[in-house]
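Side chains included, hydrogens not; waters and symmetry mates left out as well; all remaining heavy atoms used.
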Amino acid sequence: MIFWKKQSKKSTSEEINQKLLELPQSQDIPQNFIFLLENYSLQQTTLSLEKILSGWPIDTILDLGKNLATLEDNKLFYKFIQQFFVCKEEPETVIFSLQILANAKNAKISDCLYDKYLEIFNAQKVNAIFSIAVRKEHPDAETIALMSGTCAIPFLWLWQKTLKNRQSKIRLETTKILGLFPWQQTKIASLLVVLLEDKKSEICKAAAFSLAKLGKYSVPSLTKVLVKKDARTRTLAIWSLGKIGEDAANAIPYLVSSLSDDDPKVVRNAKWALENIGEGARESILESLATVGNVKQRIALLALISNFPPANDVVDILLKLIDEPDDDLCEAVIRTLGKMKDKASKAIKKLKKFSKSKIPMIKLAAIFALSQIEEKHQDLHPMLFQLCADESPKIRQEALQLTVNIAKKSSKTQRIVMKSLDDKDDNVKKSAVESLAELPEIDKKIMPKLRSYLLEGDRELRVAIMKTMLDLEVKDYESIGPLIHILQSSSDNESNEYALLNLQSIGERSVIPLMKVLNKDTKLRKQISNIIAEISEPAVPKLLGLLKGKNANIRKSSIKILEKIGQPAIPGLVNALKEDNFWIKKAATIALINIKENVPEHLVVLLKSDNKEWRQAGLAVLKEIHIDNLER
């Protein structure tokens, strides 16, 4: 609330002095101060603005400056700034004047501050203050740096200088800051793009981030960098373009050229960038596909087109390319047509022609495309079966996968899968194993073969077999040995995880072998305990049997697992209280005490027994779990 009303007569010097001095005790100081300045002449006061502001908190002065910056009265703002500069210490003056100026909407107001700023702070002083701030010695370092709006234009030379500073920390902070400026972005981009070649990798990455933040203004500078010899520089520039997204559409021709780069990382990033530009790049990609002559670029463009929604215009372009003499390009075109699904129905005639090709990869690609476009595939089966025996492992693998996908009901498919389990190539074997879960029936002879591969196959094949066994819900007791062997010999977490899951699936027969591993291997102790506990009630008799053993560690582990099993283990533990063996009684008592819940109802039989020792055992457990009101 404003607590003054404009008087009809002009205020005397004493009156306005009093009002100004009372301001710190009032609420809404900035608004009240502005009211005074708008309605009274400062010439009437004998107080200097320095004297007035000296008792104000700095946040209040900042709020006042922000309010003044939005006013139309340039003289009023200038008067405030003029006094403000001389009443505050460095670098606070710099910090808060820049914060105030960030709110200035009027160019003339900005101009008046530039002049005053440059009068008071020469270049060396500004550079020194900035350097201190960037070294994080001042708590408002970023405020100094974030010179929003046009206020930083006169100091562009300073940023240019700090970007060349020998101290990497100053270069790094400056690089991060410049990406946030909403002014002269094109000029700033031209400064930052040089830092993509900096010796410090963190500065290169910071430059890439800042260039991405500057958006479309960075695109001209970034495209020029794509011809640099250094692959890291090209990769970072492409990454920035990808992050910019649709606004980087003008860079598409340059990104397309990068698809044929010698460096695989550059090619991967170029594909990713083009994908990120998205639908905005669609027309340019299609145009490039029709015009570029480089096969490598065309194949990369086809991979991008596969991600676009199927459309007739894409199919028309693909049909013009399908007869190109290059086999790799022809295969890529055919596969892309397959991904167009029913939109590519006009290509069926040509695809059927290619399905009879003497070149296996083109033949396989055509069969794949036809299987995606047409619903009926019976006429494709004989050709696929033939390709499953091709001399190339890559073709055998894909042909097998496609066979299982479109001809799983055929009896010949099962024979092919079985035969592929003996393939010399591990990748073909792996595909055959993964295919088993897709077949309507599996041959019982498969399991011995899979068990042998658990011991002999490579890691990926072993994992594939164990996953398939879980999918098939196979309880193969003879695989316990190989699975235990994996736990004992493998340091691979994934292999161990699937071995444990399979042993859990097999059930109680796995308990004793698992307990032996648990006794020897501390790394897997927790996982094994949890797996046995998951077997639950069927595991209880085995664990109780282990309590009779001489190995103290196994007895201790068995009790802990029985406690984890909880409720299903209670009847077995209660029976264990009847044993003559002292250690078994003690272990069962401890387990029941720790389980607590629902134990009393199972102890009734013991408490009614004629056997004094059994009754005493039951009462001992009850006493420990604090059952006060037991019905006898």
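One finds no salt bridge joining K394 and D425 here, because no Lys/Arg side-chain nitrogen approaches an Asp/Glu carboxylate oxygen to under 4.0 Å. The existence of a salt bridge linking K429 and D422 is excluded, since no basic side-chain nitrogen approaches an acidic carboxylate oxygen closer than 4.0 Å. Taking the charged nitrogens against the carboxylate oxygens, E275 and K271 have no contact shorter than 4.0 Å, which rules out a salt bridge. The existence of a salt bridge linking E324 and R298 is confirmed by a sub-4.0 Å separation between a basic side-chain nitrogen and an acidic carboxylate oxygen. Contact check on D390 versus R396 returns no salt bridge, with no Lys/Arg side-chain nitrogen under 4.0 Å from an Asp/Glu carboxylate oxygen. Contact check on E374 versus K341 returns no salt bridge, with no Lys/Arg side-chain nitrogen under 4.0 Å from an Asp/Glu carboxylate oxygen. Under the 4.0 Å criterion applied to side-chain N and carboxylate O atoms, R462 and D492 are not assigned as salt-bridge partners.
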What side-chain donor-acceptor pairs closer than 3.5 Å can you find for residues 400-411, not counting sequence neighbours?
{"from": "Q401", "atom 1": "NE2", "to": "S431", "atom 2": "OG", "distance (Å)": "3.1"}
{"from": "T403", "atom 1": "OG1", "to": "A399", "atom 2": "O", "distance (Å)": "2.6"}
{"from": "S410", "atom 1": "OG", "to": "K412", "atom 2": "N", "distance (Å)": "3.2"}

Would R234 and D261 count as a salt bridge (Lys or Arg N to Asp or Glu O under 4.0 Å) here? Give the steps.
CA-CA 10 Å; R234 297 198 305 277; D261 197 281; 2.9 Å; yes
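The side chain to side chain contact (heavy atoms under 4.5 Å, CB included) with T336 is formed by just one residue from the set L301, L321, L302; it is L302. Of the listed residues (I561, N553, I528), just one forms a side chain to side chain contact (heavy atoms under 4.5 Å, CB included) with M515, and that residue is I561.
Legend: residues meeting salt bridge (Lys or Arg N to Asp or Glu O under 4.0 Å) with D262, ordered by chain and number and at least two apart, are absent.
Taking both residues in full, the closest heavy atoms of L450 and I465 are given as O-CD1, 3.8 Å, listed atom of the first, atom of the second, then distance.
Ring orientation note: the planes of W239 and W272 are close to parallel, at an angle under 30° on the 30°/60° scale.
S357 places no side-chain N or O within 3.5 Å of a backbone atom of K353 that could act as its donor or acceptor partner.
Within 6.0 Å of atom CZ in R509, 12 or fewer heavy atoms from other residues, nucleotides or ligands are found, so the atom counts as exposed in its surroundings.
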